[in-house]
Colleague: 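Sharing a structure, written as structure tokens. Questions coming.
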2 protein chains.
Amino acid sequence: MKLSTKSTYGLRAMVNIALEQKKGAVSIKEISKKENISSVYLEQLLNKLRREDLVKSVRGPTGGYVLSRKPDDITVKDIVKTLEGSIAPVDCATGREGRRTVCNKNKNCAARIAWTKLAKAIDDCLKSVTLADLCGKK
Amino acid sequence: MKLSTKSTYGLRAMVNIALEQKKGAVSIKEISKKENISSVYLEQLLNKLRREDLVKSVRGPTGGYVLSRKPDDITVKDIVKTLEGSIAPVDCATGREGRRTVCNKNKNCAARIAWTKLAKAIDDCLKSVTLADLCGKK
DNA sequence: ACCATACCTGACTATTCTTGTCAAGTATAA
DNA sequence: TTATACTTGACAAGAATAGTCAGGTATGGT
């Protein structure tokens with residue numbers, strides 16, 4: 001039930017980019033140094049975030065990354081979902097098949113009630129927090 | 001961000017035991033067959049639940065497991081916490097040290113605001129659901 | 001008193017996931 | 001031109017998950 005470092009690193013990177021918004025693009029090296037995260041690993045994460053259009057890259061010297069939208073229009077859910085693949089705590093509540101989906105034989109599984117409720121709580125929580133909330137900015 | 005099968009199997013086992021409450025103890029073999037879960041693996045899980053005093057074991061033929069408390073006094077949180085070890089989605093919000101605790105250098109980490117909120121949402125949700133809720137029983 | 005049925009314990013293992021590294025590029029602006 | 005940055009894909013060590021296996025111990029029905 002743990003988030004991986006993808007999400008935690010990713011959110012920290014996004015906060016960094018958001019805070020420097022007016023100054024321009026933030027390079028991977030800067031984030032890497034400031035947050036003490038492997039720069040090569042960070043590249044992978046920012047790549048995913050770029051493909052989901054949460055950030056834009058600026059090439060060349062003085063280049064780096066910039067937010068694609070305003071901070072109050074980017075939620076933590078957007079970031080976690082992009083990096084983690086899925087937000088749901090169990091697959092049986094989502095319809096997605098996977099190794100851990102064992103409950104499929106029983107549509108009326110009582111346990112599923114709990115997981116569905118949990119999935120909604122997590123979803124509601126993560127989409128209620130924006131980058132702007134974390135940075136104290138609009 | 002997935003729950004392991006420990007929690008999902010464990011909850012399903014507990015629901016089974018709760019539903020047969022009046023008929024007496026439920027054996028591992030019964031649960032194993034009904035839920036299609038390895039009986040040896042199930043033993044491990046019920047062992048943990050017994051050590052946390054969520055169930056009691058009844059030995060001998062016709063033996064099995066019985067709830068230690070009434071269904072409305074056992075929450076999904078109790079079960080998940082026992083089997084999963086911890087409920088928190090990130091360690092940095094709990095004070096527990098671990099491999100994924102990398103944020104410790106920065107007490108004012110903006111990202112932590114999000115994780116703390118998430119931890120509370122999960123905790124609140126899981127402790128609001130009891131076995132009785134899932135079984136439609138008191 | 002048997003002994004089948006159950007629980008109990010600890011060690012072990014295959015597979016998958018996480019958390020990166022490594023190598024070899026391509027694009028851009030000073 | 002060339003240093004700086006981004007881009008891509010393959011690879012790998014270590015941890016966690018999801019069990020298995022072997023050998024106990026306890027109890028109650030016959």
Colleague: Taking the nucleotide of DNA chain D with the closest heavy atom to each, which residue, A:N47 or A:M1, is nearer the 5' end?
Modeller: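 Per heavy-atom nearest nucleotide, the more 5' residue is A:N47.
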Colleague: Between B:S57 and C:dC8, does any side-chain N or O lie under 4.0 Å from OP1 or OP2?
Modeller: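 For C:dC8, OP1 or OP2 has a side-chain N or O of B:S57 closer than 4.0 Å.
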Colleague: If you look at every strand shown and take non-hydrogen atoms under 4.0 Å, does B:I28 touch a base, only sugar-phosphate, or nothing?
Modeller: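 Result for B:I28 = sugar-phosphate.
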Colleague: Starting at CD1 of A:I17 and ending at C1' of D:dC6, how long is that distance when rounded to a whole Å?
Modeller: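 Interatomic distance, CD1 of A:I17 to C1' of D:dC6: 13 Å.
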Colleague: To the nearest Å, give me how far apart CG (A:L45) and P (D:dC6) are.
Modeller: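 Computing the A:L45:CG to D:dC6:P distance gives 13 Å.
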Colleague: Would you mind reading off the distance between B:K56 atom NZ and C:dC8 atom C1', rounded to a whole angstrom?
Modeller: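 Taking atom C1' of C:dC8 as the reference, NZ of B:K56 is at 19 Å.
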Colleague: Taking 4.0 Å as the cut-off, does a side-chain nitrogen or oxygen of A:K29 come that near to OP1 or OP2 on D:dA5?
Modeller: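 Yes, because at least one side-chain N or O of A:K29 sits under 4.0 Å from OP1 or OP2 of D:dA5.
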Colleague: Below the 4.0 Å mark, does C:dT19 have OP1 or OP2 next to a side-chain nitrogen or oxygen of A:S4?
Modeller: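 Checking C:dT19 against A:S4, a side-chain N or O does come within under 4.0 Å of OP1 or OP2.
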Colleague: Taking the side chain as everything from C-beta on, heavy atoms only, tell me whether A:Y9 gets closer than 4.5 Å to A:L83.
Modeller: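 With C-beta onward as the side chain, the pair stays apart.
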Colleague: Send over the distance from B:L3 CG to D:dA18 C1', rounded to a whole Å.
Modeller: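 Roughly 15 Å, once rounded to whole Å.
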Colleague: Quick one: is A:R51 getting a side-chain N or O under 4.0 Å of the D:dT8 phosphate, OP1 or OP2?
Modeller: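 Checking A:R51 against D:dT8: at least one side-chain N or O falls below 4.0 Å of OP1 or OP2.
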Colleague: For B:K48 and C:dC8, give me the distance from atom NZ to atom P, rounded to whole Å.
Modeller: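 Rounding to the nearest Å, NZ of B:K48 and P of C:dC8 are 16 Å apart.
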Colleague: Would you kindly give the CG-to-P distance between A:D91 and C:dC17, to the nearest whole Å?
Modeller: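 Taking CG of A:D91 and P of C:dC17, I get 11 Å after rounding.
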Colleague: Output one letter per nucleotide in nucleotides 20-30 of chain D: B when a protein non-hydrogen atom lies under 4.0 Å from the base, S when only the sugar-phosphate is that close, - when neither is.
Modeller: BB---BSBS--
